[in-house]
Asker: 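One structure, as structure tokens, below. Some questions next.
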Amino acid sequence: MPSLDVSELNIVIAVLGAFIVGYGFISVKIKQVWYLGEALPAMLVGIILGPLSAKFLSAERWGSAEEGQQEAITLGLCRIVIGVQLVIAGFQLPAKYQAANWKEMTICLLPVMTIMWIFTSLCILITVPKLSLLAALVIGSCVTCTDPILSQAVAKGPFSDKYVPRALRELISSEAGANDGFGFPFLLLATYLIRHADLDEVKFKSGAAELAHRALAIVKREEGIGRLGGGIAKAMEQWIVEGWLYIIVMSVVIGVVIGYGSMYVIKFALNKKWIDSESFLLWPMAIGLFLIGVCGALGTDDLLACFVAGNALNWSGLYLEEAEKRHDEVNSCFDVILNFGGFMYIGTIIPWSEFQMPDVTGITVGRLMILGFLVLVFRRIPAIFMTYKMMPRCIGAVFYVEHTRHLFPKPGEAMTEEEDNLTRAMVPVVYFLVVFSIVVHGLSIPALDAYYRYKGVQPISEADPAEIRILSDTDALPNNAYSHPKRQSFIVHNRFSRPHSMGVGPELYRWNPRDSHETLKEQDTDYAQKLEYIRQYGGDIGHKPPQ
């Protein structure tokens, strides 16, 4: 007999599907007119349907519905969402991008991230009571990385198509992808300094018996967490060997091997015509899932490996070029679905009750609001101003805080007040900054667009725009584009994803396989005349540009 089965799985699937349908119905309005993207609407739906409001969705009731399972669910979901998207972000960059822009990337990953880490930690230390400097450095490392998902509003969204130069968009996307996996050295350095601090200088909890401390220390030492002693020398040794050589270097090697190997395997399969379109377009997601599983089993940095693999996959430019020929919409669809699911889930697990606990952690909503604005002002702006002259051109926090839970004892179980204060404060601080970031990123682009319209700022135009074939008469016109009815195509200015990069400026790449780099160098047509010609004829090959 049929029976009503209102299980958590059925509810989650139905809600996600309904949201995607509702969002998709007016998606052009949301993305190209209101510039809201996917993150903010998805998170708001999660908040409305989550434990705070409708109590319709709750991760605590998923699976076995056991206490404490939400941490593992959140960490696993974040790994999949970010890992797969980092592979996609990697292969959408031009061929050999990291080799051509190694100086800019080195600056972004070392001095810029270090300054961001220090400034963010100081903001946390100032606004959150009961925290030591090392504890603030641990929490600061969780929010140092630039979220690769939210950064796409600036790098790849409809607003950036109109106003953000392609060279800057590529740098933002590359930095966001790389530093999301590069946050481990900062997290591990602060963690090891706490873990291996000299026990003679550590202040243990008052009222605890020495025997109990020793017994607990033995248990925690077997688990590899808690106070282990050894001093700064031991901390630095662990940081270099485990943090850099094993986690970072090994992740890069794994990513290079899988990505570069995939490039040659795909080239061979294409030449033999062994691989069909479905398998070809699913390749980035497949290697993303593979790397998440392998690196998770080995204990290395799966996020960094995924981004490196994505870059290596398109090192020759073949993968992205072939994907463009096959009108790849598969990976962008995966991107959207992962955003919907990831941010809706975050909306359901936000620890609202922990945002106001003055007697336990000293955290209040007022302090968190001040922290949010301090981080907004001092986290990135000073770092860029201090390093920009060295550059010739120009969902990660949740993952890190959930990963950090496994590096320290649970709240109340630590042997010291420092660790207790850290583990109690890091979840509300990081989650509040995540919510603050999503709201600010979600609303700043519409506000900036309104300001640009008021000021009359013109969209970016280029002499050699991309031409995209119209697959359907009902296709929505992309931003910063115009239709060419005679050629049944869209002419798109400042298009982001190009297989090869040929320099900087508006003529970064000419989307015409008949023209070589040398041909472009030899062209001496005046830019204004060429632009007027393209506007008049839309790149019709039957006409010649004025001399």
Side-chain angles (χ1 to χ4, degrees), residues 22-44 146-147 149-173 176 332 335-336 339 343 372-373 376-377 380-381 384-385 388 393-394 435-468 470 474-485 489-498 504-508 527-528 530-536 538-539:
Y23 182 97
F25 182 72
I26 55 171
S27 55
V28 173
K29 287 283 187 182
I30 294 174
K31 293 182 178 180
Q32 297 190 20
V33 179
W34 304 331
Y35 296 108
L36 288 178
E38 297 116 13
L40 183 58
M43 187 190 71
L44 290 177
T146 305
D147 197 301
I149 301 172
L150 295 180
S151 68
Q152 301 314 310
V154 181
K156 298 179 184 177
F159 176 83
S160 61
D161 289 338
K162 296 175 67 175
Y163 299 115
V164 184
R166 190 182 305 118
L168 180 58
R169 297 166 67 187
E170 290 172 345
L171 182 60
I172 292 172
S173 182
S332 59
D335 208 20
V336 172
N339 282 346
F343 285 103
F373 285 106
L376 182 66
V377 174
R380 187 168 181 82
I381 295 175
I384 295 300
F385 272 104
Y388 79 97
R393 300 165 296 198
C394 281
V435 174
F436 190 87
S437 179
I438 292 174
V439 173
V440 169
H441 279 81
L443 299 180
S444 60
I445 298 299
L448 191 58
D449 176 70
Y451 176 77
Y452 277 16
R453 289 175 182 270
Y454 172 75
K455 285 295 199 178
V457 177
Q458 294 299 313
I460 292 175
S461 295
E462 53 186 335
D464 299 293
E467 184 174 6
I468 304 175
I470 298 177
T474 57
D475 264 355
L477 181 68
N479 266 20
N480 204 11
Y482 61 91
S483 62
H484 193 302
S489 63
F490 292 138
I491 308 300
V492 184
H493 291 280
N494 198 36
R495 188 163 182 253
F496 176 83
S497 191
R498 310 273 181 113
V504 297
E507 294 186 329
L508 188 69
Y527 177 81
K530 187 188 296 185
L531 182 60
E532 181 60 31
Y533 156 74
I534 288 181
R535 286 174 175 168
Q536 182 176 356

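Just so it is clear, the values below take in all heavy atoms, side chains as well, and ignore hydrogens, waters and symmetry mates. All of these numbers come straight from a predicted model, not from anything done at the bench.
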Asker: Please output the side-chain donor-acceptor pairs of residues 31-40 that fall under 3.5 Å, not counting sequence neighbours, one pair per line with the distance.
Answerer:
unit_1, atom_1, unit_2, atom_2, d
K31, NZ, E38, OE2, 3.2
Y35, OH, N479, ND2, 3.2
E38, OE1, N339, ND2, 2.7

Asker: Report yes if the side chains of H493 and N480 come closer than 4.5 Å at any heavy-atom pair, otherwise no.
Answerer: yes
Asker: Excluding sequence neighbours, so at least two apart, what forms side-chain contact (heavy atoms from CB on, under 4.5 Å) with V492?
Answerer: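 By the side-chain contact (heavy atoms from CB on, under 4.5 Å) rule, V492 matches I468, P478, A481, F490, R495.
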Asker: Closest approach of F496 and K156, non-hydrogen atoms and distance?
Answerer: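 Result for this residue pair: CE2-CE, 3.3 Å.
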Asker: Please evaluate residues I460 and R166 with respect to the criterion side-chain contact (heavy atoms from CB on, under 4.5 Å), reporting the C-alpha separation (whole Å), side-chain torsions for both, the decisive distance (0.1 Å), and the verdict.
Answerer: CA-CA 10 Å; I460 292 175; R166 190 182 305 118; over 6 Å; no
Asker: Measuring from atom CD of E170 to atom OG of S497, what distance do you get when rounded to the nearest 0.5 angstrom?
Answerer: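 Answer for the CD-OG pair, E170 versus S497, is 9.0 Å.
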Asker: If you take all heavy atoms of D449 and K162, which pair is closest and at what distance?
Answerer: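 Minimum heavy-atom contact is OD1-NZ, 4.4 Å.
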Asker: Looking at residues at least two apart in the chain, or sitting in another chain, which of them share a side-chain contact (heavy atoms from CB on, under 4.5 Å) with V377?
Answerer: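 In terms of side-chain contact (heavy atoms from CB on, under 4.5 Å), with neighbours along the sequence ignored, V377 is linked to no residue.
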Asker: Could you pull out all residues at least two apart from S332 that satisfy side-chain hydrogen bond (donor to acceptor under 3.5 Å, both in side chains)?
Answerer: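 If we apply the side-chain hydrogen bond (donor to acceptor under 3.5 Å, both in side chains) test to S332, skipping adjacent residues, the hits are E329.
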Asker: In chain order, what residues pass the ring-ring contact (aromatic ring centres under 6.0 Å, His included) check against F373, with sequence neighbours excluded?
Answerer: F436
Asker: Quick one: does N494's side chain have a donor or acceptor within less than 3.5 Å of a partner on E462's backbone?
Answerer: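 Flag not set: sc N494 to bb E462 has no pair under 3.5 Å.
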Asker: Looking only at heavy atoms, which two atoms of G442 and P446 are closest? And how far apart?
Answerer: O-CD, 3.2 Å
Asker: Sequence neighbours left out, what passes side-chain hydrogen bond (donor to acceptor under 3.5 Å, both in side chains) with D161? Give chain and number order.
Answerer: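 Testing D161 for side-chain hydrogen bond (donor to acceptor under 3.5 Å, both in side chains), a comparison that skips the adjacent residues, returns R169.
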